[in-house]
Amino acid sequence: MPRPIEALIHLPHLAHNLARARACAPDAQVWAVVKANAYGHGIENVFEAFRAADGIALLDLDEAQRVRALGWRGPILLLEGCFEARDLELCSRLKLWHAVHCEQQIDWLAMHKTHEPHRVFLKMNSGMNRLGFTPQAFRAAWTRLNALPQVDEISLMTHFSDADAQRFGQDGIAHQVAAFQTATADLPGERSLSNSAATLRYNQLGHVRADWVRAGIMSYGGVPDYPEHDATHWDLKPGMSLRAKVIGVQQLQPGDTVGYGSSFTADKAMRIGTVACGYADGYPRHAGTGTPVLVDGLRSRTVGRVSMDMLAVDLSDLPQAGFGSEVTLWGQSSRGAVLGIDEVAKAAGTIGYELMCALTKRVPVTVVHGD
Ligand SMILES: *Cc1c(COP(=O)(O)O)cnc(C)c1O
């Protein structure tokens, strides 16, 4: 029998979340962002649920090929564009739209031989200082691109650093929206600004049109602005559940310790369950004592250090629980109770994004079509 651990991918939840993105931005088209192997869910696993998207956005050419192999004929956007000149051949062959964020990428396009000009998304660095042309350099880049026979339509995009919180004494996007607006006001082309946080939190971006929103984490049920808001507030449902079972039970006396480093000491008699899930499955080792879990759908907590293949949970207040009990590390229990991945992430000092992406290969994945 395989180790009792599995990840479930909930297709109806993913479809629901994508519909939420659409509802938040009714005038925009929606990119389902499936980079990092669909945030750890598996591109092939989520594809069915995201068919309703207007486009699929990702980073790796390999992932773009996988999406085409699934039969997707709609738009695919390479969010970081090409990494070397010959990537453009694949863009031509697979009809990939691609970001253009630096001069080198324009140089490669200028030398590229293609019969069909490419649709590109010219990226502005409006303040995040990661990728893109500064507002001052943006127009020159646009003019250069616009003169190339290799280029068809030019769309305009930027990315927010602080859409998830109030910063700079105001909302976190105003200064970037203003920079974008000023530098692009008289340029033609579709606009794409918002990630999940901006899609959920901001209905309007000043006077900037939002033709495309890029729904990443929200599509998977992750909450970009947790703990200010939670999944119930935004009406998002977990795309992934990680479930394992109790494979051993121990009775502790006061003074007994649990796990490596004896980091937890019982101060009273306790009953704990050893669960078949550890950091080699992608569960965060930094999750300390007290990280929430569901045991047979009821809330409990971890105790002691997470080890490679196991972790311990407190069963003291759950007399019915024991050997074989289901432990939901995040997501939905088989009884329907939900433990938000963001809550677990917070206890481990990270974000839901990282936990989803960290699920490891050895965890078998089941795609769930119903509730
Ligand atoms: C990953 C990514 C997104 C999606 O971000 P979420 O916070 O997951 O919604 C949007 N745009 C770009 C450029 C990205 O790289």
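Both counts, for ligands and for their atoms, begin at 1 and track the order of listing.
Rounded to the nearest 0.5 angstrom, Arg130 CZ and Glu80 CD are separated by 7.0 Å.
Ion pair Asp162/Arg167 flagged as a salt bridge, since at least one NZ, NE, NH1 or NH2 atom sits closer than 4.0 Å to an Asp/Glu carboxylate oxygen. A salt bridge does not link Lys268 with Asp256: none of the charged nitrogens is closer than 4.0 Å to a carboxylate oxygen. Ion pair Glu6/Lys245 not flagged as a salt bridge, since none of the NZ, NE, NH1 or NH2 atoms sits closer than 4.0 Å to an Asp/Glu carboxylate oxygen.
Without hydrogens or angle criteria, Arg191 side chain to Thr184 main chain gives a donor-acceptor distance under 3.5 Å.
The aromatic rings of Tyr220 and Tyr39 lie parallel to each other, with less than 30° between the two planes, well short of the 60° mark.
Pocket lining of ligand 1, defined as residues with a non-hydrogen atom under 4.0 Å away: Lys35, Tyr39, Leu79, Lys123, His159, Asn195, Ser196, Arg214, Gly216, Ile217, Tyr353.
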